[in-house]
Amino acid sequence: QVQLVESGGGLVQPGGSLRLSCAASGSIFAINAMGWYRQAPGKQRELVADISSGNNTNYHESVKGRFTISRDHAKNTVYLQMNSLKPDDTTGYYCNALITGGWSKPSYYYWGQGTKVTVSL
């Protein structure tokens with residue numbers, strides 16, 4: 001059993017910053033890619049940023065230069081530093097991780113429960 005627990009969402013004014021965290025726990029042999037997605041009501045979930053096991057990163061065009069993804073391999077944790085936040089960034093953010101449960105076992109994608117980010121005056 002694997003759990004992803006997110007934290008760090010909240011209310012912030014335009015131009016402000018937030019840092020999201022997502023910690024993976026449970027039966028973990030290896031964590032491959034980790035990432036953050038967001039989904040507004042009535043819209044498809046979209047990739048915000050992801051980071052490979054080798055720390056290669058990928059960002060949605062709309063967050064480049066504002067958001068930074070990083071991970072602490074020892075803590076099985078991924079972070080999303082969000083700066084210069086805009087009202088359009090308001091939505092739920094979801095952590096995702098590709099995790100292998102044991103030697104020679106298949107890898108599966110897991111999701112966190114989501115954390116709400118609201119950017120407003």
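Computed over heavy atoms, backbone and side chain alike; hydrogens, waters and symmetry mates excluded.
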Hey, does [Y] have a side-chain heavy atom less than 4.5 Å from the side chain of [X]?
X: N96; Y: M34; result: no
X: H73; Y: N55; result: yes
X: P87; Y: S120; result: no
X: D89; Y: R66; result: yes

Is it the case that more than 12 heavy atoms not belonging to [X] sit under 6.0 Å from its [atom1] atom?
X: K116; atom1: NZ; result: yes
X: Q3; atom1: CD; result: no
X: Y108; atom1: OH; result: no

[X] versus [Y], closest heavy-atom pair with distance:
X: S70; Y: V78; answer: O-CG2, 3.2 Å
X: I31; Y: S53; answer: O-CB, 4.0 Å
X: A24; Y: I99; answer: CB-CD1, 4.3 Å
X: Y94; Y: G112; answer: CD2-O, 3.9 Å

> Does the side-chain contact (heavy atoms from CB on, under 4.5 Å) test come out yes or no for L18 and V117, once each step is laid out?
Replying inline: CA-CA 9 Å; L18 283 174; V117 171; 3.9 Å; yes

Under the 3.5 angstrom rule, does the side chain of [X] hit a backbone N or O of [Y] as a donor-acceptor pair?
X: Y59; Y: L47; result: no
X: T91; Y: Q39; result: yes
X: T115; Y: G9; result: yes
X: E6; Y: C95; result: yes
X: T90; Y: T118; result: no

Please report the interatomic distance [atom1]([X]) to [atom2]([Y]), rounded to the nearest 0.5 Å.
X: Y37; Y: Q44; atom1: OH; atom2: CD; value: 12.0 Å
X: L4; Y: S25; atom1: CG; atom2: OG; value: 8.0 Å
X: L20; Y: L80; atom1: CG; atom2: CG; value: 5.0 Å
X: K43; Y: R38; atom1: NZ; atom2: CZ; value: 9.5 Å
X: L85; Y: L11; atom1: CG; atom2: CG; value: 11.0 Å
X: D50; Y: N58; atom1: CG; atom2: CG; value: 4.5 Å

> Would you say the side chains of S107 and T100 form a donor-acceptor pair under 3.5 Å?
Replying inline: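 Yes - a donor-acceptor pair under 3.5 Å links their side chains.
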
> Just checking, any donor-acceptor pair under 3.5 angstrom between side chains of D72 and T77?
Replying inline: no

>> For Y79, does the six-membered ring have the charged nitrogen or CZ of R71 within the cation-pi criterion, i.e. under 6.0 angstrom from the centroid and within 45° of the normal?
In response: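 No, R71 does not lie over the aromatic ring of Y79.
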
> How are the rings of F67 and Y93 set to each other: parallel, tilted or perpendicular (split at 30° and 60°)?
Replying inline: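 If you compare the ring of F67 with that of Y93, the planes turn out tilted.
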
> Given the rule that I, L, V, M, F, W and Y join up when any side-chain heavy atoms are under 4.5 Å apart, are I69 and L98 in one cluster?
Replying inline: no

